[in-house]
Amino acid sequence: MKNVHILDHPLIQHKLSYIRNKETGSKDFRELVEEVAMLMGYEVTRDFPLEEIEVETPLTKCKCRIIAGRKVAIIPILRAGLGMVNGFLNLIPAAKVGHIGLYRDPETLEPVEYYCKLPADVADRDVIVVDPMLATGGSASAAINFIKQRGIKNIKLVCLIAAPEGIQKVHEDHPDVVIFTAAVDSHLNEHAYIVPGLGDAGDRLFGTK
Ligand code: PRP
Ligand code: URA
């Protein structure tokens, strides 16, 4: 699949299996989501350009490489995207965090926006949108629309589990956006839940059901 990276590192797959398990409680679920987000962040940042600097070790001077002044914004889609933020901040502590609040209307399944607060200089930043679930793709596509309205060009979307329908929707609406996911599942059920999936990510993270 073009513009889709499936991150199948054994550690990611191992932890994802525990995340999927309905017996995993909120505390472990939260910790595992954060850990997987951090592991995924390692691959998501692979294209960050490097620049050469001179470093003096205790023995001598040498040429070393550091990340070339990359400015990043991490944008979780509320609520469930919050669970992935700290994993990314552990890797990119200088990143700023924007928030987009969307929920799926249970009747229409259409995304409804209720909050949007992005860093003032977001147009100068590379954006990493995080949300554990890419189901119909409606929420992610709407979030990317809001972000693009602010002039941002370089957008990546990172989720834990994607449905084929969601990938197709994001591809159609935003062919420039690269998707990173730990798994592509079988299909959506009649309530647009991902099967086999992990259930309701927000409820499992925050213990609301
Ligand atoms: C979930 C999930 C995504 C969305 C995916 O959020 O975190 O944002 O559903 O579904 P879609 O691809 O069909 O749009 P939800 O609407 O349940 O809100 P919550 O995070 O507040 O629980
Ligand atoms: N949102 C979730 O939290 N889970 C799904 O399976 C689909 C949408």
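In each ligand, atom 1 is the first atom listed, and ligand 1 is the first ligand listed.
- A salt bridge between E54 and K63 is present, with a side-chain N of the basic residue lying under 4.0 Å from a carboxylate O of the acidic one.
- The existence of a salt bridge linking K15 and E35 is confirmed by a sub-4.0 Å separation between a basic side-chain nitrogen and an acidic carboxylate oxygen.
- Close N/O approach between S139 and ligand 1 is found [any backbone or side-chain N/O within under 3.5 Å].
- Geometrically, ligand 1 and D203 share no nitrogen or oxygen pair separated by less than 3.5 Å.
- Taking each of I77, D131, T136 in turn, the one with a heavy atom nearest to atom 8 (O) of ligand 1 proves to be D131.
- Between G137 and ligand 1, an N or O atom pair is found at a separation short of 3.5 Å.
- Contact annotation for atom 10 (O) of ligand 1: protein present (non-hydrogen atoms, distance under 4.0 Å).
- In the vicinity of A192, heavy-atom distances shorter than 4.0 Å reach the ligand 2 atoms 7 (C).
- Protein heavy atom closest to atom 17 (O) of ligand 1, with residue, atom name and distance, is D200 OD2, 4.1 Å.
- Between K169 and E172, none of the side-chain N atoms (NZ, or NE/NH1/NH2) sits under 4.0 Å from a carboxylate O, so this pair counts as no salt bridge.
- Within the 4.0 Å heavy-atom criterion, both parts of A201, backbone and side chain, lie near ligand 2.
- Exactly one of H171, K153, K148 qualifies for a side-chain hydrogen bond (donor to acceptor under 3.5 Å, both in side chains) with D176. That residue is K148.
- More than 12 heavy atoms of other residues, nucleotides or ligands sit less than 6.0 Å from atom CD1 of I6.
- Heavy atoms from other residues, nucleotides or ligands lying under 6.0 Å from CZ of F48 number more than 12.
- We find that K156 and D47 are joined by a salt bridge, their nearest charged nitrogen and carboxylate oxygen being less than 4.0 Å apart.
- The presence of a protein heavy atom under 4.0 Å from atom 3 (C) of ligand 1 is confirmed.
- Remark: Q168 CD is loosely packed, at most 12 non-hydrogen atoms of other residues, nucleotides or ligands lying under 6.0 Å away.
- Relative ring orientation between F180 and H5 is described as parallel, the plane-to-plane angle staying below 30° on a 0-90° scale split at 30° and 60°.
- Nearest protein neighbour of atom 5 (C) of ligand 2, counting heavy atoms only, is Y193 CD2, 3.4 Å.
- Among all protein heavy atoms, the one lying closest to atom 15 (P) of ligand 1 is R104 N, 4.4 Å.
- By the 3.5 Å distance cut-off applied to N or O atoms, A135 is counted among the residues near ligand 1.
- Residue A135 approaches ligand 2 through these ligand atoms, each under 4.0 Å from one of its heavy atoms: 7 (C), 8 (C).
- Closest to atom 18 (O) of ligand 1, if we only count protein heavy atoms, is L102 O, 4.1 Å.
- In the hydrophobic clustering of ILVMFWY residues, with side-chain heavy atoms under 4.5 Å counting as a link, V44 and V72 come out together.
- Considering only non-hydrogen protein atoms, atom 4 (N) of ligand 2 sits nearest to G199 O, 2.8 Å.
- Remark: minimum distance from atom 22 (O) of ligand 1 to any protein heavy atom is reached at R79 NH2, 2.9 Å.
- Which parts of ligand 1 touch Y103 is read off a 4.0 Å heavy-atom cut-off, strictly below it: atoms 16 (O).
- Between A80 and ligand 1, a contact under 3.5 Å exists for at least one N or O pair.
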request  = Would you please test R204 and T24 for side chain to side chain donor-acceptor pair (under 3.5 Å) and show each step?
outcome  = CA-CA 9 Å; R204 293 197 62 193; T24 300; 4.6 Å; no
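- The residue among L134, D203, I194 with a heavy atom at the shortest distance from atom 6 (O) of ligand 2 is I194.
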